[in-house]
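Presented below is the structure to which this report refers.
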Amino acid sequence: MVLALKYRPKKFSEVIGQEATIKTLMSSLAKDRLANAYLFSGLRGSGKTSTARIFATALQCSERKGSEPCESCENCIMANENRHIDIIEMDAASNRKIEDIKEIIEHTKYKPSRGRYKIFIIDEAHMLTKEAENALLKTLEEPPPYVKFILATTDPLKLPATILSRVQHFRFNKINNDLIENYLIKILAKENVEFDEEALRLIVKSSKGSVRDALTLLDQAIAFSKGKIDLDSVVEMLGVINPEIINKIFIYIK
């Protein structure tokens, strides 16, 4: 399994770099003060979809005490295996038409089969057509009490104000390089892979604040290197041949 999937967070405590957002979501769960709809926006790989799934799992958890999902009840197990019948995910990049939204609206008419809620996670929500957005408006504002919407997007400015006014908006930050570096160090220890510090920092720098991109590059580096991730192999892997770029990288590394 690729590292981005193997180490995908399954609990709020495993999400890095989004402390304020996670604290607010956990507090809303603990106090049972829940909105009808949420919007998670931010850079790719910043944890939007992972957090949406954790939040959905926590909402469905039948043994939850506080905020974290228990991970052991039937609802948690099904959610973590992406087979919970009451958690419906849709990628709006490929399912963006009004017909797709009408199908979701039809689903909202039926109560959940296994969990407490029927939860709809719509990824890349800014890709919906105007007609689809308009069809979603009324349901976002006044869904049945057992329905929750979680929208995720890399470009919230493309969403109309009418949708933004109907959701609780959480902005996911670009993740600090030091946080990503420490996270990768822990993963390399678990994977029993040796590395040079300079090589790892180059991978982190190239990820541009995206944990998913950092893990993808780390996967490539492990495959590309011969037993140990070193600077020469990472430079070659990334194709960094411009002397000016290399100088900037070495300034960062130092």
Side-chain angles (χ1 to χ4, degrees), residues 1 3-42 45-91 104-105 107-123 125 139-153 166-173 175 179 183 186-187 190 211-212 215:
M1 185 182 293
L3 296 178
L5 293 179
K6 185 175 181 180
Y7 292 99
R8 188 164 201 162
K10 292 184 179 179
K11 297 193 295 184
F12 288 117
S13 58
E14 295 172 354
V15 179
I16 66 170
Q18 310 297 344
E19 287 78 9
T21 290
I22 297 303
K23 183 178 179 180
T24 306
L25 290 173
M26 292 181 73
S27 178
S28 70
L29 284 163
K31 297 175 181 177
D32 199 28
R33 296 181 63 87
L34 303 170
N36 296 331
Y38 298 83
L39 173 65
F40 297 165
S41 69
S46 57
K48 301 182 302 299
T49 306
S50 292
T51 302
R53 289 175 176 173
I54 296 166
F55 191 56
T57 303
L59 286 169
Q60 301 291 31
C61 179
S62 52
E63 303 293 334
R64 175 167 56 87
K65 295 177 181 178
S67 305
E68 289 280 22
C70 73
E71 295 191 84
S72 57
C73 71
E74 191 173 2
N75 279 313
C76 282
I77 292 170
M78 288 190 296
N80 285 332
E81 293 177 354
N82 297 321
R83 57 181 181 87
H84 199 296
I85 194 170
D86 295 320
I87 301 176
I88 299 101
E89 290 193 39
M90 186 185 88
D91 179 12
I104 283 180
I105 294 171
H107 276 296
T108 65
K109 297 177 182 178
Y110 305 101
K111 291 185 178 181
S113 301
R114 304 294 296 260
R116 299 178 187 177
Y117 300 98
K118 185 154 279 191
I119 303 169
F120 299 90
I121 300 174
I122 304 178
D123 206 3
T139 307
L140 277 181
E141 186 172 30
E142 296 180 4
Y146 52 82
V147 169
K148 301 294 178 189
F149 282 95
I150 308 173
L151 281 59
T153 178
R166 287 165 168 80
V167 299
Q168 274 195 16
H169 189 179
F170 292 88
R171 294 166 179 83
F172 282 63
N173 303 315
I175 300 174
L179 285 176
Y183 183 61
K186 291 177 183 177
I187 288 175
K190 291 178 182 178
V211 174
R212 185 174 63 241
L215 289 173

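Here the structure is a predicted model, which is why all the values come from computation and not from measurement.
Distance check, rounded to the nearest 0.5 Å: CD1 of Ile54 to CD of Glu68 gives 7.5 Å. Between atom CZ of residue Phe149 and atom CD1 of residue Ile88 there is a gap of 9.0 Å, rounded to the nearest 0.5 Å. Atom-to-atom distance recorded for Arg171:CZ and Phe40:CZ is 12.5 Å, nearest 0.5 angstrom. Note that NZ of Lys118 and OG1 of Thr108 are 8.5 Å apart. Values are rounded to the nearest 0.5 Å. In this structure, the separation between CD1 on Ile119 and CD1 on Ile87 is 5.0 Å, given to the nearest 0.5 Å. The line from OH of Tyr38 to NZ of Lys148 is 6.0 Å long, rounded to the nearest 0.5 Å.
When all heavy atoms of Ile77 and Ser72 are compared, the closest pair comes out as CD1-O, 3.4 Å. A pairwise comparison of heavy atoms in Pro9 and Glu14 identifies CA-OE1, 3.3 Å as the closest pair. Nearest heavy atom pair, residue Cys70 against residue Cys76, reads N-SG, 3.7 Å. Here the shortest heavy-atom pairing between Ala37 and Leu140 reads CB-CD2, 3.7 Å. Heavy-atom minimum distance, Glu141 versus Asn36: O-ND2, 3.3 Å. Across all their heavy atoms, Ser67 and Phe12 have their closest contact at O-CE1, 3.6 Å.
Leu34 has its side chain within reach of Tyr117: a pair of non-hydrogen atoms, C-beta onward, lies under 4.5 Å apart. The shortest side-chain heavy-atom distance between Arg64 and Arg116 falls under the 4.5 Å cut-off. At least one side-chain heavy atom of Ile187 sits under 4.5 Å from a side-chain heavy atom of Leu215.
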List the atom pairs, donor and acceptor, that lie under 3.5 Å between side-chain atoms in residues 23-33 and the rest of the protein, sequence neighbours left out.
residue	atom	partner	partner atom	Å
Thr24	OG1	Ala20	O	2.9
Ser28	OG	Leu25	O	2.7

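Scanning for side-chain hydrogen bond (donor to acceptor under 3.5 Å, both in side chains) contacts around Lys186 gives an empty result, with sequence neighbours left out. With sequence neighbours excluded, no residue forms a side-chain hydrogen bond (donor to acceptor under 3.5 Å, both in side chains) with His107. For Lys65, there are no salt bridge (Lys or Arg N to Asp or Glu O under 4.0 Å) partners at least two apart in sequence or on another chain. By the salt bridge (Lys or Arg N to Asp or Glu O under 4.0 Å) test, Glu81 is found to be paired with Arg83, residues two or more places apart in sequence or in another chain being considered.
Under the side-chain hydrogen bond (donor to acceptor under 3.5 Å, both in side chains) criterion, the residue pairs touching residues 46-63 are Arg8-Ser50, Thr49-Asp123, Arg53-Glu89, with sequence neighbours excluded.
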Legend entry - Derivation of the side-chain contact (heavy atoms from CB on, under 4.5 Å) call for Thr139 and Val147: CA-CA 9 Å; Thr139 307; Val147 169; 5.6 Å; no
Inset, instruction - Please lay out, stage by stage, how Ser41 and Thr153 fare under the test side-chain contact (heavy atoms from CB on, under 4.5 Å). - result: CA-CA 5 Å; Ser41 69; Thr153 178; 3.9 Å; yes
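For Glu74, the CD atom sits in a loose shell: 12 or fewer heavy atoms of surrounding residues, nucleotides or ligands are nearer than 6.0 Å. Under a cut-off of 6.0 angstrom, the local environment of CG in Leu179 is crowded, with over 12 non-hydrogen atoms contributed by other residues, nucleotides or ligands.
A distance-only check finds a donor-acceptor pair linking the side chain of Asp86 to the backbone of Gly115 [under 3.5 Å]. Side-chain N or O atoms of Gln18 include one that pairs as donor or acceptor with a backbone N or O of Asn173 at under 3.5 Å.
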